[in-house]
Amino acid sequence: QVHLVESGGGMVQVGGSLRLSCVASGSIEAVNAMAWYRQTPGNQREMVARISRGGTKRYSDSAKGRFTVSDNDAKNMVFLQMDNLKIADTGVYYCNAERLESHILPPRHFWGQGIQVTVSS
């Protein structure tokens, strides 16, 4: 199993910044990517940013140019630097880890408990 714990959420005004952190523990040797998802009011859960073990990064259209995802050398932490925050960024953010279990099944996903980000005027 992979255990994920997020931190760094909170309240911020429009245009402000927050930095989310996620620590992974457990069977992380086979984790091939980590990502940040969010669920905002009235919307389905969406991927915000993703980073593979090799360092390839991917962002949602709304996050691109404002958010930066990164990890550490040990590949057991992932960060999300969020700048120029907007009201639409308000929601619950989840840390996600992808682990390849076999060559037949798709990667297994593990989730953190979620952390609230609130952006207000």
Side-chain angles (χ1 to χ4, degrees):
Q1 299 296 304
V2 177
H3 183 59
L4 305 171
V5 179
E6 303 102 331
S7 62
M11 302 180 65
V12 67
Q13 291 184 324
V14 171
S17 298
L18 285 174
R19 181 177 172 86
L20 305 182
S21 299
C22 175
V23 179
S25 61
S27 300
I28 63 174
E29 61 276 357
V31 170
N32 58 277
M34 299 187 71
W36 289 96
Y37 286 73
R38 73 183 181 189
Q39 185 156 11
T40 57
N43 297 304
Q44 296 182 351
R45 182 183 61 189
E46 63 176 347
M47 186 182 71
V48 178
R50 179 182 185 271
I51 182 169
S52 71
R53 181 172 290 272
T56 301
K57 300 177 181 179
R58 184 180 299 171
Y59 299 94
S60 67
D61 289 340
S62 62
K64 195 171 186 178
R66 299 188 299 123
F67 295 0
T68 303
V69 65
S70 61
D71 59 10
N72 64 345
D73 291 339
K75 307 300 181 182
N76 67 335
M77 298 184 70
V78 63
F79 309 92
L80 185 66
Q81 177 68 40
M82 303 186 292
D83 297 319
N84 192 25
L85 284 162
K86 306 177 184 298
I87 293 178
D89 295 319
T90 294
V92 179
Y93 285 69
Y94 298 90
C95 183
N96 168 269
E98 301 173 8
R99 191 179 74 186
L100 186 63
E101 298 291 332
S102 72
H103 294 286
I104 301 176
L105 300 175
R108 187 173 180 179
H109 289 258
F110 300 87
W111 300 91
Q113 80 284 357
I115 189 167
Q116 179 70 38
V117 171
T118 302
V119 185
S120 61
S121 300

Q) Under a single-linkage definition using a 4.5 Å side-chain heavy-atom cutoff for Ile, Leu, Val, Met, Phe, Trp and Tyr, are Tyr59 and Trp36 assigned to the same hydrophobic cluster? A) yes
Q) Checking side chain to side chain contact (heavy atoms under 4.5 Å, CB included) for the pair Leu4/Met34: CA distance, chi angles, key distance, verdict? A) CA-CA 10 Å; Leu4 305 171; Met34 299 187 71; 3.9 Å; yes
Q | Residue pairs involving residues 103-113 (criterion side-chain hydrogen bond (donor to acceptor under 3.5 Å, both in side chains); sequence neighbours excluded) | A | Glu6-Gln113, Asn96-His109
Q: Count the heavy atoms of every other residue, nucleotide or ligand shown that sit under 6.0 Å from NZ of Lys64, and state whether that count exceeds 12.
A: no
Q) Which heavy-atom pair separates Ile28 from Ala24 by the least distance, and what is that distance? A) CG2-CB, 4.0 Å
Q. Can Val14 be reached from Phe67 by stepping across I, L, V, M, F, W or Y side chains whose heavy atoms are under 4.5 Å apart?
A. yes
Q: Grab the two heavy atoms, one from Ile115 and one from Gly8, that are nearest each other, plus how far apart they are.
A: CD1-N, 3.6 Å
Q) Is the CD atom of Gln39 crowded by more than 12 outside heavy atoms at less than 6.0 Å? A) yes
Q. Can you check whether Thr90's main-chain N or O pairs, donor with acceptor, with Thr40's side chain at less than 3.5 Å?
A. no
Q: Can you tell me which residue pairs pass the disulfide (SG to SG under 2.5 Å) test with a partner in residues 84-120, sequence neighbours excluded?
A: Cys22-Cys95
Q. Taking only residues two or more places apart in sequence, or in another chain, which ones meet Glu101 in a salt bridge (charged side-chain N to carboxylate O under 4.0 Å, His left out)?
A. Arg99
Q: Would you check if the side chain of Arg53 reaches a backbone N or O of Val31 as a donor-acceptor pair within less than 3.5 Å?
A: yes
Q.
With side chain to side chain contact (heavy atoms under 4.5 Å, CB included) as the criterion, how do Val69 and Arg50 come out once you've worked through the C-alpha distance, each side chain's angles and the decisive distance to 0.1 Å?
A. CA-CA 7 Å; Val69 65; Arg50 179 182 185 271; over 6 Å; no
Q | Residues Arg66, Asp89; criterion side chain to side chain contact (heavy atoms under 4.5 Å, CB included); working and verdict | A | CA-CA 11 Å; Arg66 299 188 299 123; Asp89 295 319; 2.8 Å; yes
Q) Between Leu80 and Leu18, is there a shared hydrophobic cluster once you connect ILVMFWY residues whose side-chain heavy atoms come closer than 4.5 Å? A) yes
(Q) Quick check on the hydrophobic clustering: are Val2 and Tyr94 connected, directly or via other members, by side-chain heavy-atom contacts under 4.5 Å? (A) no
Q: Starting from Met77, walk the hydrophobic network (Ile, Leu, Val, Met, Phe, Trp, Tyr; side-chain heavy atoms closer than 4.5 Å) and list everyone else you reach, by chain and number.
A: Val23, Phe79
Q. Quick one: does Ser17's side chain get under 4.5 Å of Val12's, heavy atoms only?
A. no
Q: Report whether Met47 and Tyr93 are members of the same hydrophobic cluster (ILVMFWY, side-chain heavy atoms less than 4.5 Å apart, transitive linking).
A: no
Q.
According to salt bridge (charged side-chain N to carboxylate O under 4.0 Å, His left out), who are the partners of Asp71, at least two apart in sequence or on a separate chain?
A. Lys75
Q. Would you call Met82 and Val117 a side-chain contact if the rule is heavy atoms closer than 4.5 Å?
A. yes
**Q.** Minimum heavy-atom distance between Ile87 and Ser121, given as atom pair plus value
**A.** CD1-OG, 3.5 Å
Q: Report the residues that fulfil salt bridge (charged side-chain N to carboxylate O under 4.0 Å, His left out) with Arg58, sequence neighbours left out, ordered by chain and then residue number.
A: none
